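Only this structure's heavy atoms are used, side chains among them; waters, hydrogens and symmetry mates stay out. Within every chain, numbering begins at 1; the chains are lettered A, B, ... in the order of the sequence lines, protein sequences first and strands thereafter. All figures in this text were calculated on a predicted structure; none of them were measured in a lab.
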Protein chains: 2
Amino acid sequence: MANVKSEPAPRPSPAELLAILEDHGYRPTNQRRDVVSLLESKEVGFTVEELTEELIEVGRATVYRTVKLLLDAGVLCKVTLADGTPKYIVARREHHHHTVCVRCDTVGEFRSSTVERVLRTIGADIPGTIVGHRMEIFLICESCSDTINYFR
Amino acid sequence: MANVKSEPAPRPSPAELLAILEDHGYRPTNQRRDVVSLLESKEVGFTVEELTEELIEVGRATVYRTVKLLLDAGVLCKVTLADGTPKYIVARREHHHHTVCVRCDTVGEFRSSTVERVLRTIGADIPGTIVGHRMEIFLICESCSDTINYFR
DNA sequence: CTCATTGCAAATGGTTTGCATTGGG
DNA sequence: CCCAATGCAAACCATTTGCAATGAG
């Protein structure tokens, strides 16, 4: 218990996301507005392809460009599933890690001060200057284990 | 200190790698022999493209197929660099994590019983059944920080 | 003789880019 | 008016696949 926070934290609103882009010097165009608005409905991790399908009015390249801007701004995270395919999620926290369900690919977010502390400790034993880390926990989520799957 | 082992452990020899493939029911063909032999000279993490360039006598598809067999057999690991590009390394240990130098992309290996213990503890606080994890530590390795780089 | 393995080239998935066009500030 | 931003299609990178040819047991 404690030390692990996996409760959903408040997510930035579309307006806030747009403001973040403006802070980085990018214009709040209609296309960018459309992309960040759509993000509001994305809860579990999505692909860029999904975005482009729902945003027929925005060119694929623009969607990718906007996703990249948001990635650079730190408001989106790219998560690599166990099989290597990429998904994106809207970040709720500054620094965090991801959980990925190996059955349904749902991506979650958690942070643990214990992990951070341990990593700092470990750092002392690893040659070089540590500048960051990444961690994913693979699991079978509750709704997947609740579902008795007769076909597996 | 202690608890973190980052010293190079003995690596499987080409003959051992080939034997592992045979154990999995795959024939020790000349192409596979060539691939595993080349692995012996690979210390810091390599791309499949590098392998194909040095193995002009082996078809690209065969190199990829062999890499996949070795990946499945657990003797190769795929590591995703900070920028998303994939590299491969020959695994020295059963379960371990990777360090990646953000300057030179050199991939290292380490394991830490502390990390494993902490992850088990955290598991109790995360909903679902944990089936695995992945972790990368990004750093600036010693030779990169030793090198004063006038061009950065 | 047969089936695993190979090589080629084409297809794939995810993403980026060149370039001419558009549209806010 | 100008430059940031866009859309399109082509390029790109890592990887996979279909299929006919090969080759080892």
Output one line per pair: protein atom, nucleotide atom from nucleotides 1-5 of chain D, and distance, for all N/O pairs under 3.5 Å.
| from | atom 1 | to | atom 2 | distance (Å) |
| --- | --- | --- | --- | --- |
| D/dA4 | O4' | A/Arg27 | NH2 | 3.2 |
| D/dA5 | OP1 | A/Arg27 | N | 2.9 |
| D/dA5 | OP1 | A/Arg32 | NH1 | 2.9 |

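Hydrophobic clustering (ILVMFWY, side-chain heavy atoms < 4.5 Å, transitive): A/Leu17 and A/Tyr88 are in one cluster. In the hydrophobic clustering of ILVMFWY residues, with side-chain heavy atoms under 4.5 Å counting as a link, A/Ile89 and A/Leu38 come out apart.
Between A/Glu50 and A/Lys87, no side-chain nitrogen of the basic residue sits less than 4.0 Å from a carboxylate oxygen of the acidic one, so the salt-bridge criterion is not met. With respect to A/Lys78 and A/Glu136, no salt bridge is recorded, no charged nitrogen being found less than 4.0 Å from a carboxylate O. Salt bridge present: B/Glu54 and B/Lys42 bring a charged side-chain N and a carboxylate O closer than 4.0 Å.
With hydrogens and angles left out, the side chain of A/Arg65 and the base of D/dG7 share a donor-acceptor pair within 3.5 Å.
Contact annotation: A/Tyr88 reaches the phosphate of C/dT15 (side-chain N/O to OP1 or OP2, under 4.0 Å). Residue A/Lys68 places no side-chain N or O under 4.0 Å from the OP1 or OP2 atom of C/dT15. Not one side-chain nitrogen or oxygen of B/Tyr64 sits closer than 4.0 Å to the OP1 or OP2 atom of D/dT16.
Aromatic ring orientation, A/Phe110 versus A/His97: tilted (interplanar angle from 30° to 60°).
Using a 4.0 Å heavy-atom criterion, one finds that A/Lys78 contacts the sugar-phosphate atoms exclusively.
For the segment residues 48-59 of chain A, residues with any heavy atom less than 4.0 angstrom from an atom of DNA chain D are, sorted by number, A/Glu57, A/Val58, A/Gly59.
Between B/Asp83 atom CG and D/dA14 atom P there is a gap of 10 Å when expressed in whole angstrom units. C/dT15 atom P lies 12 Å from atom NZ of A/Lys87, rounded to whole Å. For the pair B/Asp72 CG and D/dT15 P, the interatomic distance rounds to 14 Å; values are reported in whole Å. What separates CZ of B/Arg33 from P of D/dA24 is a distance of 11 Å, to the nearest Å. Look at CG on A/Leu69: it is 11 Å from P on C/dT16, rounded to the nearest Å. If you measure from atom CZ of B/Arg60 to atom P of D/dA14, you get 9 Å, rounded to the nearest angstrom.
Contact detail for A/Glu40 and A/Arg11: the closest heavy-atom pair is O-NH2, 2.9 Å.
More than 12 heavy atoms of other residues, nucleotides or ligands lie within 6.0 Å of CD in B/Glu57, so this atom counts as buried by the packing criterion.
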Output side-chain donor-acceptor pairs under 3.5 Å for residues 26-36 of chain A, partner residues at least two apart or in another chain, one line each.
| from | atom 1 | to | atom 2 | distance (Å) |
| --- | --- | --- | --- | --- |
| A/Thr29 | OG1 | A/Arg32 | N | 3.2 |
| A/Arg32 | NH1 | A/Arg27 | O | 2.9 |
| A/Arg33 | NH2 | A/Pro28 | O | 2.8 |

